[in-house]
Amino acid sequence: MPFQEIKLNDGRIIPQIGFGTWKIPQEKTQDNVLTAIDVGFDHIDTAQVYGNELQVGEALKETGLKRSDIWVTTKWSGVAGTRPAQAIKQSLEKLGLSYVDLYLIHSPRLVRPNILQGWEEMQDIHKQGLAKSIGVSNFLVSDLQELESAAITPAMNQILLHPYVYKQTKPLLDYCAQKDIKIEAYSPLIPLTTYPGGPVDKPVYAIAERLGVAPEQVLLAWIKSKGAVILSTSSKKDRLERYIAVADIDLTEEDVEAIEAAGAKGPGLARFRKYVKPLALGLAAQAAVYVAYKCLLA
Ligand SMILES: NC(=O)C1=CN([C@@H]2O[C@H](COP(=O)(O)OP(=O)(O)OC[C@H]3O[C@@H](n4cnc5c(N)ncnc54)[C@H](O)[C@@H]3O)[C@@H](O)[C@H]2O)C=CC1
Ligand SMILES: O=CCc1c[nH]c2ccccc12
């Protein structure tokens with residue numbers, strides 16, 4: 001099955017595979033984005049904190065693509081204490097755009113404990129037309145529940161998704177499906193990049209051999225089977241071509257089940273999740289404020 005047209009809850013259609021720009025140095029970003037577009041990507045994912053929006057913008061300008069032919073996502077990451085209203089204007093200026101397709105709160109840490117208040121700032125950005133769609137990233141079910149009374153339901157939750165975290169993430173996936181919040185899967189290749197030799201390798205390599213494809217394509221095809229948007233990256237053109245070719249790779253139900261059974265034997269979320277839990281420093285700071293407050297009262 002080719003990549004699906006994924007329809008968001010606001011009616012807009014997002015391309016199912018996107019080129020991610022995290023950790024790409026500024027001096028390489030323009031070239032890498034141009035290569036990605038050259039091989040067929042029409043969706044670029046960046047963030048305020050990646051520090052390369054200017055170079056993404058330069059690449060977009062160089063392609064001469066019509067604005068409606070490319071999907072651009074960026075994220076409010078709270079850099080230098082900015083709030084969304086200020087951050088989106090800075091991002092648009094750097095990207096050389098009048099709007100982004102999707103604007104995300106990069107982490108729930110940025111808005112806890114007043115999640116709804118933070119989300120209302122995103123709704124204002126949507127109202128002004130600076131972001132056509134708005135969503136969140138790294139949100140847990142408990143974070144999303146805080147938004148159930150919001151005027152706009154997030155269109156997207158961009159999360160860590162690969163076979164080693166699938167089982168524990170399933171309740172979040174089910175909650176999002178029920179609320180029509182679509183999923184973008186980041187770091188889908190972790191079984192190859194960070195945990196090679198783990199239990200998922202066996203089915204992934206066996207399926208890859210049977211289908212005559214590369215193991216990374218099997219992992220991306222597994223994400224595709226979940227109906228999620230795939231976010232991946234590479235500086236190598238041949239790898240990017242393989243990612244795009246996942247459009248033509250379909251796993252059987254048995255393949256999908258074998259990957260998930262192996263994934264459940266792996267290390268799980270505690271090993272891989274980074275951007276969700278409160279910061280240790282944040283908690284320490286909160287404790288210090290509490291102690292100081294009690295001392296003042298004493
Ligand atoms: N919202 C968030 O908090 C986060 C968002 N992201 C977004 O998702 C994008 C993709 O995330 P990544 O972790 O970079 O994705 P990923 O898990 O797809 O890893 C990409 C890396 O895998 C390498 N690779 C490909 N095939 C391989 C193979 N056979 N063996 C070994 N290595 C192989 C590539 O060269 C590249 O360096 C990011 O660029 C960013 O845009 C990523 C992390 C967090
Ligand atoms: O998006 C990739 C990971 C990342 C890097 N810096 C931050 C800040 C807040 C959330 C996620 C991330």
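Order of listing sets the numbers, starting from 1, for every ligand and every atom in it. Position 1 is the first residue of the sequence, and the numbers go up from there. Keep in mind it's a predicted model, so treat the numbers as computed, not measured.
Under the 4.5 Å side-chain criterion, counting only non-hydrogen atoms from C-beta, R67 is in contact with V72. Side-chain contact between D42 and W71: absent, with no pair of heavy atoms (C-beta onward) separated by less than 4.5 Å.
Atom 10 (C) of ligand 1 has its closest protein heavy atom at L231 O, 3.5 Å. Scanning the protein for heavy atoms near atom 19 (O) of ligand 1, the closest one is L189 CB, 4.0 Å. Residue, atom and distance of the protein heavy atom nearest to atom 25 (C) of ligand 1 are Y243 OH, 3.1 Å. The shortest contact between atom 38 (C) of ligand 1 and any protein heavy atom is with W22 CB, 3.6 Å. Of the protein's non-hydrogen atoms, the one nearest atom 18 (O) of ligand 1 is S232 OG, 2.4 Å. From the protein, the heavy atom lying nearest to atom 3 (O) of ligand 1 is N138 ND2, 2.9 Å. Closest protein heavy atom to atom 5 (C) of ligand 2: W22 NE1, 3.7 Å. At the shortest separation from atom 10 (C) of ligand 2 among protein heavy atoms lies H106 CD2, 3.4 Å. Atom 29 (N) of ligand 1 has its closest protein heavy atom at E216 OE1, 3.0 Å.
Listed by atom number, the atoms of ligand 1 under 4.0 Å from Q158 heavy atoms are 1 (N), 2 (C), 4 (C), 5 (C), 6 (N), 7 (C). Atoms of ligand 1 lying under 4.0 Å from at least one heavy atom of Y186, given by number and element, are 1 (N), 2 (C), 3 (O), 4 (C), 5 (C), 6 (N), 7 (C), 8 (O), 42 (C), 43 (C), 44 (C). Residue contact check: S234 has heavy atoms under 4.0 Å from atoms 35 (O) of ligand 1. In summary, the atoms of ligand 1 found under 4.0 Å from a heavy atom of H106, numbered by their order in the structure, are 1 (N), 2 (C), 3 (O). Atoms of ligand 1 found under 4.0 Å from any heavy atom of T193 (numbered from 1 in listed order, with element): 21 (C), 22 (O), 23 (C), 32 (N). When each atom of ligand 2 is checked for a heavy atom of V49 under 4.0 Å away, the hits are 6 (N), 7 (C). Every atom of ligand 1 is numbered from 1 in the order shown, and the set under 4.0 Å from a heavy atom of D45 is 7 (C), 40 (C), 41 (O).
Of the inter-residue distances, the one linking R271 atom CZ with I190 atom CD1 reads 8.0 Å to the nearest 0.5 angstrom. Rounded to the nearest 0.5 angstrom, R242 CZ and I244 CD1 are separated by 13.0 Å. For the atom pair CZ (F41) and OH (Y243), the distance works out to 7.5 Å, reported to the nearest 0.5 Å.
Contact annotation: F19 has no heavy atom less than 4.0 Å from any atom of ligand 1. Taking 4.0 Å as the cut-off, Y50 counts as a neighbour of ligand 2 on heavy-atom distance.
Salt-bridge formation is not detected for the pair E146/R112: no Lys NZ or Arg NE/NH1/NH2 atom is positioned less than 4.0 Å from an Asp or Glu carboxylate oxygen. By the 4.0 Å N-to-carboxylate-O rule, K237 lies close enough to D38 to be salt-bridged with it.
In the displayed structure, E5 atom CD is contacted under 6.0 Å by at most 12 heavy atoms of other residues, nucleotides or ligands. Open room surrounds CD on E253; 12 or fewer heavy atoms of other groups in view lie less than 6.0 Å from it.
For ligand 1, the polar-atom distance check finds no N/O of Y275 at less than 3.5 Å from any of the ligand's N/O atoms. The shortest N or O to N or O distance between K75 and ligand 1 is not under 3.5 Å.
Heavy-atom proximity to atom 14 (O) of ligand 1, evaluated over T194, T233, T74, is greatest for T233. The heavy atom nearest to atom 11 (O) of ligand 1, considering only P215, G20, S187, is found in S187. Around atom 27 (C) of ligand 1, the closest heavy atom drawn from E184, K274, K23, R239 belongs to R239.
Among K226, K265, K170, K167, the one residue that satisfies the salt bridge (charged side-chain N to carboxylate O under 4.0 Å, His left out) test with E260 is K226.
The aromatic ring centroids of Y166 and W222 lie less than 6.0 Å from each other.
Between T252 and D255, the side chains place a donor N or O and an acceptor N or O closer than 3.5 Å (distance only, hydrogens not considered).
Residue-level proximity to ligand 1 for P188 is carried by backbone and side chain together, each with a heavy atom below 4.0 angstrom.
Below 30°, between 30° and 60°, or above 60°: for Y164 and F272 the angle between ring planes is below 30°, a parallel geometry. Ring orientation note: the planes of Y275 and H106 are tilted relative to one another, at an angle of 30° to 60°.
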